[in-house]
**Student:** 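One structure is given below, represented as structure tokens, and several questions about it will come after.
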Amino acid sequence: MVIFIKDWGFCACCWSTKGLWALTLPEATEKGALQALKQMRKAPVHNDTYGGIEKIANLEKEKILVQWLEQYLYKGKRMDFPLELDWSGFPSFYYTTLMKVSKIEEGKTKTYGEIAEQLGNPKAVRAVGGALRKNPYPLLIPCHRVLACQGLGGFTGADKRIELKRRLLELEGINVGSSI
DNA sequence: CCGGCAAACGAAA
DNA sequence: TTTCGTTTGCCGG
């Protein structure tokens with residue numbers, strides 16, 4: 001479904017086979033968000049299949065997701081997410097990586113290197129990046145709190161979405177210089 | 001089935 | 001500025 005968040009813009013939220021995807025480009029129009037939603041339902045952004053989860057988007061979950069997002073993005077309150085997340089079939093390295101990431105407290109950040117170190121594999125920095133790239137639950141698993149040692153790192157691949165990472169960090173009171 | 005390569009990185013040459 | 005290291009998925013043979 002599509003919601004409008006003040007000072008943020010239209011936001012398409014979809015609970016798909018791959019988990020969650022929420023498109024929160026600030027400049028998205030309602031029409032654009034609807035279009036994106038349609039796309040997401042048809043072909044989820046995360047296009048690797050993990051587990052045999054059914055393909056139908058779950059509207060009930062979507063509602064819960066929307067409420068959560070409104071609390072977080074609009075009111076700045078980050079609640080525990082009330083639904084269980086499905087990790088079946090997800091590669092174990094990715095899973096353990098994302099678990100580490102999920103333990104980063106609100107308002108704090110880590111680097112890809114630090115995560116790799118915590119995994120007992122300090123050189124696997126790039127692999128950590130790979131795991132975050134596959135994060136089926138962006139926003140819920142706070143991968144925006146993982147930065148590169150110099151600069152911001154990436155966020156879901158697409159160009160403009162790095163802007164979302166920046167905004168999420170600002171929302172949590174983390175000062176990201178304009179240069180990085 | 002295998003080899004090579006790319007990807008949200010980072011250190012060292 | 002190039003190379004290498006880690007893990008995974010993808011594509012070509």
Side-chain angles (χ1 to χ4, degrees), chain A residues 8-9 11-28 36 39-40 42-55 65 68-69 72-73 78 81 85-180:
Chain A
W8 190 274
C11 171
C13 309
C14 176
W15 192 281
S16 76
T17 68
K18 301 304 188 293
L20 139 80
W21 180 249
L23 181 77
T24 50
L25 296 182
E27 70 273 24
Q39 289 275 329
M40 288 188 288
K42 201 167 87 187
V45 171
H46 300 277
N47 42 8
D48 307 296
T49 17
Y50 297 117
I53 315 163
E54 75 276 11
K55 196 174 179 187
L65 170 62
W68 189 89
L69 281 173
Y72 177 45
L73 299 179
R78 196 172 210 280
F81 192 70
L85 306 180
D86 187 343
W87 297 100
S88 54
F90 206 68
S92 61
F93 177 82
Y94 287 176
Y95 177 75
T96 44
T97 304
L98 290 176
M99 284 307 103
K100 294 287 182 200
V101 172
S102 72
K103 290 196 173 61
I104 304 176
E105 292 169 38
E106 191 169 347
K108 300 202 171 179
T109 60
K110 292 214 157 137
T111 63
Y112 295 96
E114 283 169 335
I115 300 287
E117 203 167 335
Q118 275 186 38
L119 291 168
N121 202 344
K123 290 183 193 162
V125 188
R126 192 165 188 181
V128 168
L132 296 211
R133 181 162 43 94
K134 298 285 186 183
N135 181 8
Y137 305 106
L139 305 189
L140 303 186
I141 303 289
C143 54
H144 55 277
R145 295 182 194 146
V146 184
L147 311 180
C149 73
Q150 287 192 322
L152 210 46
F155 201 66
T156 72
D159 341 319
K160 297 258 174 106
R161 294 222 242 272
I162 192 64
E163 188 54 34
L164 171 58
K165 184 171 185 176
R166 199 186 297 272
R167 293 202 66 157
L168 289 172
L169 291 169
E170 282 169 8
L171 184 67
E172 300 192 359
I174 296 159
N175 190 8
V176 282
S178 52
S179 57
I180 62 171

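Per chain, numbering begins at 1; letters A, B, ... match sequence-line order.
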**Student:** Near DNA chain C, under 4.0 Å by heavy atom, which residues of residues 114-126 of chain A?
**Tutor:**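 A:N121, A:K123, A:A124, A:R126, in order of number.
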**Student:** Considering all heavy atoms of both residues, which atom of A:C149 and which atom of A:T111 are nearest to each other, and what is their separation?
**Tutor:**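 Looks like CA-CG2, 4.2 Å.
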**Student:** Name all stems that contain residues of DNA chain C, defined as runs of 3 or more consecutive Watson-Crick or G-U wobble pairs, both distances under 3.5 Å.
**Tutor:**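 Consecutive-pair runs (3 or more) involving DNA chain C: B:1-7 with C:7-13, B:9-13 with C:1-5.
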**Student:** Sub-3.5 Å donor-acceptor pair from the side chain of A:N135 to the main-chain atoms of A:I141, do we have one?
**Tutor:**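 Yes: the side chain of A:N135 pairs with the backbone of A:I141.
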**Student:** Sticking with atom C1', work out how far B:dA11 lies from C:dT8, rounded to a whole angstrom.
**Tutor:**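 Straight-line distance between the two C1' atoms is 22 Å.
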**Student:** From the options B:dA8, B:dG10, C:dT8, select the nucleotide whose nearest atom is closest to the side chain of A:Y94.
**Tutor:**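 Nearest nucleotide to the side chain: C:dT8.
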**Student:** Atom OH of A:Y95 to atom C1' of C:dT7: distance rounded to whole Å?
**Tutor:**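 Interatomic distance, OH of A:Y95 to C1' of C:dT7: 18 Å.
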**Student:** C:dT6 P sits how many Å from A:K134 NZ, rounded?
**Tutor:**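 It works out to 20 Å between those atoms.
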**Student:** Per the side chain to side chain contact (heavy atoms under 4.5 Å, CB included) rule, which among A:I104, A:I174, A:V146, A:V176 passes with A:T109?
**Tutor:**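 Among the candidates, only A:I174 passes.
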**Student:** How many Å lie between NZ on A:K100 and C1' on C:dT6, as a whole number?
**Tutor:**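 It is 17 Å, rounded to the nearest whole Å.
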**Student:** Please find the pair of heavy atoms, one from A:K165 and one from A:G154, that lie closest to each other, and give the distance.
**Tutor:**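 The answer is NZ-O, 3.0 Å.
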**Student:** Can you check salt bridge (Lys or Arg N to Asp or Glu O under 4.0 Å) on A:E170 and A:R167, steps first, answer last?
**Tutor:** CA-CA 5 Å; A:E170 282 169 8; A:R167 293 202 66 157; 5.3 Å; no
**Student:** How are the rings of A:H144 and A:Y72 set relative to one another: parallel (under 30°), tilted (30 to 60°) or perpendicular (over 60°)?
**Tutor:**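 Answer is tilted, since the angle falls between 30° and 60°.
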**Student:** For A:K103, what residues pass the side chain to side chain contact (heavy atoms under 4.5 Å, CB included) criterion, not counting sequence neighbours?
**Tutor:**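 So A:K103 forms no side chain to side chain contact (heavy atoms under 4.5 Å, CB included) with any residue.
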**Student:** Just wondering, do A:L132 and A:I115 contact through their side chains at under 4.5 Å, heavy atoms?
**Tutor:**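 Of all side-chain heavy-atom pairs linking A:L132 with A:I115, none is under 4.5 Å.
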**Student:** Once you round it to whole Å, what is the distance between C1' of B:dA8 and CG of A:L152?
**Tutor:**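 Between C1' of B:dA8 and CG of A:L152: 10 Å.
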**Student:** Please report, rounded to the nearest Å, how far the P atom of B:dA6 is from the CZ atom of A:R133.
**Tutor:**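 Rounded to the whole Å, the gap is 13 Å.
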**Student:** Rounding to a whole Å, what distance do you find between A:L132:CG and C:dT6:C1'?
**Tutor:**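 Whole-Å distance recorded here is 14 Å.
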**Student:** Counting heavy atoms from C-beta on, name the nucleotide in B:dC9, C:dT8, B:dA8 closest to the side chain of A:A148.
**Tutor:**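 Minimum distance to the A:A148 side chain belongs to B:dC9.
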**Student:** Of all the choices, C:dT8, B:dG10, B:dA8, which nucleotide is nearest to the side chain of A:F155 once you look at every atom?
**Tutor:**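 The listed nucleotide nearest to A:F155's side chain is B:dA8.
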**Student:** Mind checking A:Y112 for me? I need base, sugar-phosphate or nothing, with any heavy atom below 4.0 Å counting as a touch.
**Tutor:**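 Base, at least one base atom sits under 4.0 Å.
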**Student:** Side chain of A:C149 only, please: which of B:dG10, C:dT7, B:dA7 is the nearest?
**Tutor:**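 Given the options B:dG10, C:dT7, B:dA7, the side chain of A:C149 is closest to B:dG10.
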**Student:** If we only count heavy atoms from C-beta on, is the A:P136 to A:L98 side-chain gap below 4.5 Å?
**Tutor:**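 Contact flag for A:P136/A:L98 side chains = yes.
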**Student:** When the distance from CD1 of A:I141 to P of B:dA8 is rounded to whole Å, what number comes out?
**Tutor:**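 From A:I141 CD1 to B:dA8 P: 19 Å.
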